[in-house]
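Data block below; observations after.
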Amino acid sequence: MPTWTPNAQALDQIVLILAGTLSSDTNVRLQATNALEKARQETDFDNYLLHILINGQSLESQVRASAGLMLKNDLIKNLQSKSEDLKSHILQEIPKGLLDSQNLVRNITGNVITTLFSIFGVRQWPNILPNLMELASGAAGTAESQEGAMSALLKICEDSARLLDREYNGERPVNFMVPQFIELTGSPNPKVKASAIGCINQILTIKSQSMFIHLDDFMARLFGLATDEDSNVRTKVCTAFASILEERPDKLMPHLDGVINYCIHSMGDSNEEVALEACEFLLNLATSDMPETIVKSKIPILIPVLLEKMVYSEMNVFLIENSDEQENENVEDKDDDIKPQMAKGKEAHKLASKNTTNNEQEEDSDDSDDEDDIDGSMEWNLRKCSAATMDILATNYPYEVLEVSLPIIRERIVSPQWPIREASILALGAIAEGCLDQASAELPSLIPFLVERLKDSETRVRQITCWTLGRYSSWVCSEALSGGSCANYFAPTFQSIMECALDTKKVVQESACSSLADFIDSAQPELLTEFVEPLLRHFQAYFKKYQRKNLIILYDTVQTFAEKVGDQLCYKPDYIEILLPPLIEKWQQLTDNDKDLWPLLECMSSVAAALGESFAPYAVPVYERAFRILAMSIEQARLSNDNPGFEAPEKDFIVTSLDLIDGLVQGLKQHSAQLIQQFDTNEVSLMKLVIYCFDDPTDDVRQSAYALLGDFAIFLMEPLVVPHLHQVMVCIGNEVTNRTFRSSAACNNAVWALGEMCLRLSADIFKQYIANFMNVLIPLLLSTDVEQTILDNTSITIGRMGVHNAADMGPYVPQVLVTWCSFMKYLEENDEKETSFEGMCNIITTNPTSLNPHDVSGRMAIKHFIDCIAYYEAPSNRLGSKLHLLLSGFKSGLGDAEWNALLSELDPFVGEILKMKYGV
Ligand SMILES: *[C@@H]1O[C@H](CO)[C@@H](O)[C@H](O)[C@H]1NC(C)=O
Ligand SMILES: *[C@@H]1O[C@H](CO)[C@@H](O)[C@H](O)[C@H]1NC(C)=O
Ligand SMILES: *[C@@H]1O[C@H](CO)[C@@H](O)[C@H](O)[C@H]1NC(C)=O
Ligand SMILES: *[C@@H]1O[C@H](CO)[C@@H](O)[C@H](O)[C@H]1NC(C)=O
């Protein structure tokens with residue numbers, strides 16, 4: 001390969017430009033940026049960047065670093081267009097940067113290497129791992145280059161550990177790397193030591209066999225390093241214990257007692273990172289399958305430590321007091337104050353949900369009861385980890401946790417020092433779910449005490465008290481509903497929280513407003529009746545008071561409220577007059593591309609659905625805007641598809657506007673046709689937009705689009721769906737065929753929508769689709785890896801297809817009936833089940849030969865079906881008479897003797913029920 005040499009003049013020029021881009025003078029920067037765009041056109045620009053990074057010893061490190069980053073970004077973006085020569089030149093030269101004397105250059109080089117490795121991998125860059133390992137061993141280079149290599153290796157392990165555990169020419173990189181990493185944990189250099197443990201921790205998480213065979217050796221090293229002077233090393237040791245607990249608990253078992261003690265002790269480490277990692281271990285322990293007796297035996301020493309660490313640190317207290325003093329509810333929120341919005345599958349920020357960005361496999365599927373975070377900040381820290389550990393321990397060992405914690409909490413909850421008071425109230429909230437039964441004797445005194453604390457002079461005490469009360473909301477509500485001894489707690493508690501949401505501190509408003517949502521969610525609608533009007537008035541006041549961030553919480557609370565007591569609102573113009581104007585006012589203040597619109601659109605959707613006809617006066621402008629946002633976002637998506645330079649829209653605009661339109665359709669029912677058609681044109685109609693959404697690659701978009709289709713089918717089948725029927729059918733078919741784990745909610749809605757459609761189509765029209773759909777629905781029904789709701793909805797839809805097309809469905813009975821029964825049997829009795837059953841009765845009546853009682857499988861299917869009928873408690877009269885006919889038909893077809901023989905093979909209760917209800 002010809003070696004490349006820079007042209008001195010060009011080099012100077014580029015260095016100048018790079019320096020210019022770093023200038024503090026805007027004009028200089030602007031000029032430099034323009035010049036840079038030109039320079040980029042030169043074919044060997046990358047060579048210059050590389051040269052400046054690697055060989056620019058006389059230059060400022062900032063300039064060299066900036067060349068390195070530019071090189072990296074250019075390679076990521078334009079790799080396809082680079083010549084092979086250039087690529088191999090770069091791969092060969094780049095490691096030299098690790099030997100540089102400048103820290104920043106080594107660091108950036110490590111960064112570039114890591115990125116290149118993730119692109120080229122071992123196969124196209126075979127030297128790099130041996131090179132880095134050689135440098136890391138310290139055999140060549142300086143202590144700094146050793147650290148640089150280790151830190152690049154750590155990044156590689158973090159980003160691409162799986163690549164290291166594959167075979168390349170019969171060799172797995174991990175095989176030579178792991179023993180060397182273990183060796184390096186004995187390095188005298190603490191940075192090298194810490195990185196080496198870090199690398200092994202990453203390799204542990206991919207369950208590499210090559211790692212496991214050295215695990216004993218590694219663990220022996222860990223015990224030696226547990227008391228290392230360097231806090232980074234101690235942090236990594238704690239992480240290592242947590243990884244071993246996760247991946248190979250059997251190996252940890254013999255040492256468990258000592259490791260637990262070590263981690264409890266390390267929670268008191270003067271370094272917060274060490275303490276946090278130690279706490280992570282204990283949190284994992286609490287959720288692990290380790291023997292209960294061991295964990296239980298640690299509770300008496302663990303709980304006091306957790307309680308201690310739930311207290312805000314001195315540093316935090318200082319910062320908090322400072323900011324609370326200055327904070328003013330009239331100060332506008334900045335963008336940074338607002339959590340990133342997600343319209344669907346809102347990342348529930350619960351007590352026990354830690355930051356799992358590195359953990360894609362771990363699907364966060366917990367139900368989203370407590371979405372509110374304990375202190376409204378996103379950062380995961382020792383305090384939250386301690387509270388989460390307490391929560392899990394309380395769930396698994398309620399009695400032991402309560403016994404140890406309650407006396408301490410009781411004592412500390414009245415402390416004159418607010419951080420201690422605050423942490424004790426947090427602890428009460430943390431154990432709420434786990435210890436509810438065990439604590440029931442305490443609650444009658446605790447709840448009034450907490451309500452009292454809503455008036456605490458300290459902001460943070462009021463804030464946490466709202467949260468903790470929210471955690472007890474279901475208890476307070478169920479006492480009220482069941483008329484228990486604390487039935488009268490609900491009203492004053494609810495009232496106090498409602499008032500607390502008017503606090504002058506934003507953090508208290510926020511916490512109170514979410515707590516209010518917890519209570520509304522937990523309460524039976526009748527419990528809220530007396531509060532509907534006061535709530536509406538308070539909402540009105542909150543809308544006036546709140547800044548952006550708390551408004552978003554408020555939309556959510558209003559949404560919960562509308563869903564819960566919607567029927568107490570509609571037809572009450574007075575109420576609607578209080579609720580809607582502030583919503584509409586906010587709605588008008590936000591521009592179409594403001595992300596704050598998302599929660600508001602979702603809120604509006606629920607309000608529109610709940611208010612029904614009463615929403616009509618507001619419907620036109622609301623619909624018009626939702627339609628406009630939808631059309632605009634889809635147009636943008638279309639443009640960005642065809643033109644990579646065009647910025648793609650945020651899909652949540654599509655999702656939330658679809659949902660809002662769905663809310664309007666649910667509320668206005670058939671009447672929404674007029675609303676919709678008045679804005680449709682030949683080019684852009686709502687149905688066409690929805691059909692476009694069926695092809696969107698984002699699952700959430702299709703999920704909302706099919707939900708809307710289902711409601712179209714129910715209310716607007718003729719005017720909206722029928723004209724596009726064929727296209728819609730094809731899309732549904734694709735959705736089911738292309739189903740993946742992630743798209744299951746979209747698939748479910750598509751199947752459900754199909755069921756709603758076939759109820760409203762004539763037999764002639766639907767007939768032609770049956771064979772194709774059954775081709776995809778039968779495998780879906782019989783699959784073992786899908787969620788229950790999909791199986792249920794598939795059963796419902798298959799049954800419904802028999803309502804009009806009984807004759808065409810006959811051939812499928814033998815394949816589906818047994819499975820169909822197994823799902824239908826336990827379904828809630830509602831219209832979905834009713835129509836599906838009716839369809840199945842039609843199918844069997846119309847195709848009597850589809851079930852042959854004289855062959856084994858036919859007889860089995862009949863038994864299941866009969867069993868399923870017996871379980872149907874309250875069929876409508878219409879369905880009841882169909883069932884009666886069907887059963888009589890079975891009985892007379894079989895003859896009494898056979899019939900009785902068949903019944904005798906079922907639960908005796910089945911025969912009795914059938915005799916009683918259907919006289920057979
Ligand atoms: C570069 O330095 C930063 C900050 O010190 C560090 O977090 C990062 O891991 C370093 N990266 C590499 C590849 O050395
Ligand atoms: C999670 O951690 C990553 C990196 O450590 C950080 O970038 C991200 O902001 C964190 N997310 C949350 C929700 O704390
Ligand atoms: C889904 O299936 C259809 C038809 O088979 C195909 O055209 C489409 O590309 C598929 N979509 C995805 C995301 O696989
Ligand atoms: C079927 O899907 C619809 C739409 O998502 C949903 O509302 C319904 O509850 C589901 N039915 C069952 C039985 O899961």
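Counting convention: from 1, in listed order, for ligands and their atoms alike.
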Give me the atom names and distance for the closest heavy-atom approach of R702 to P697.
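Looks like NH1-O, 3.4 Å.
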
Subset of ligand 4 atoms that lie under 4.0 Å from at least one heavy atom of N748
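Listed by number with element, the hits are 2 (O), 5 (O).
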
Contact atoms of ligand 4, heavy-atom distance to E832 under 4.0 Å:
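Here the atoms of ligand 4 in question are 8 (C), 11 (N), 13 (C).
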
Would one find more than 12 heavy atoms of other residues, nucleotides or ligands at under 6.0 Å from atom NE2 of H724?
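Count over threshold, so yes.
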
For W587 together with Y618, are the ring centres under 6.0 Å from each other?
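Distance test on ring centres: not under 6.0 Å, no.
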
Can you confirm whether or not the ring centre of Y871 sits under 6.0 Å from the ring centre of F909?
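Centroid distance Y871-F909: below 6.0 Å, so yes.
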
Under the 3.5 angstrom rule, does the side chain of K833 hit a backbone N or O of L827 as a donor-acceptor pair?
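The answer is yes, because a donor-acceptor pair under 3.5 Å joins these two groups.
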
Check whether any side-chain N or O of S704 sits under 3.5 Å from a backbone N or O of V701 as a donor-acceptor pair, and report yes or no.
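No.
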
In the protein, what heavy atom is nearest to [atom], and what distance, to one decimal place, separates them?
atom: atom 10 (C) of ligand 4; value: N793 ND2, 2.7 Å
atom: atom 4 (C) of ligand 4; value: N749 OD1, 3.3 Å
atom: atom 14 (O) of ligand 4; value: T789 OG1, 3.4 Å

Select one of side chain, backbone, both or neither to describe which atoms of L827 lie under 4.0 Å from any atom of ligand 4, heavy atoms only.
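Side chain only.
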
Hey, is Q788 touching ligand 4 through its side chain, its backbone, both or neither, going by heavy atoms under 4.0 Å?
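Looking at Q788 and ligand 4, no heavy atom falls under 4.0 Å.
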
Please report whether atom 2 (O) of ligand 4 has a protein non-hydrogen atom at a separation of less than 4.0 Å.
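Answer yes: something from the protein, a heavy atom, is under 4.0 Å.
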
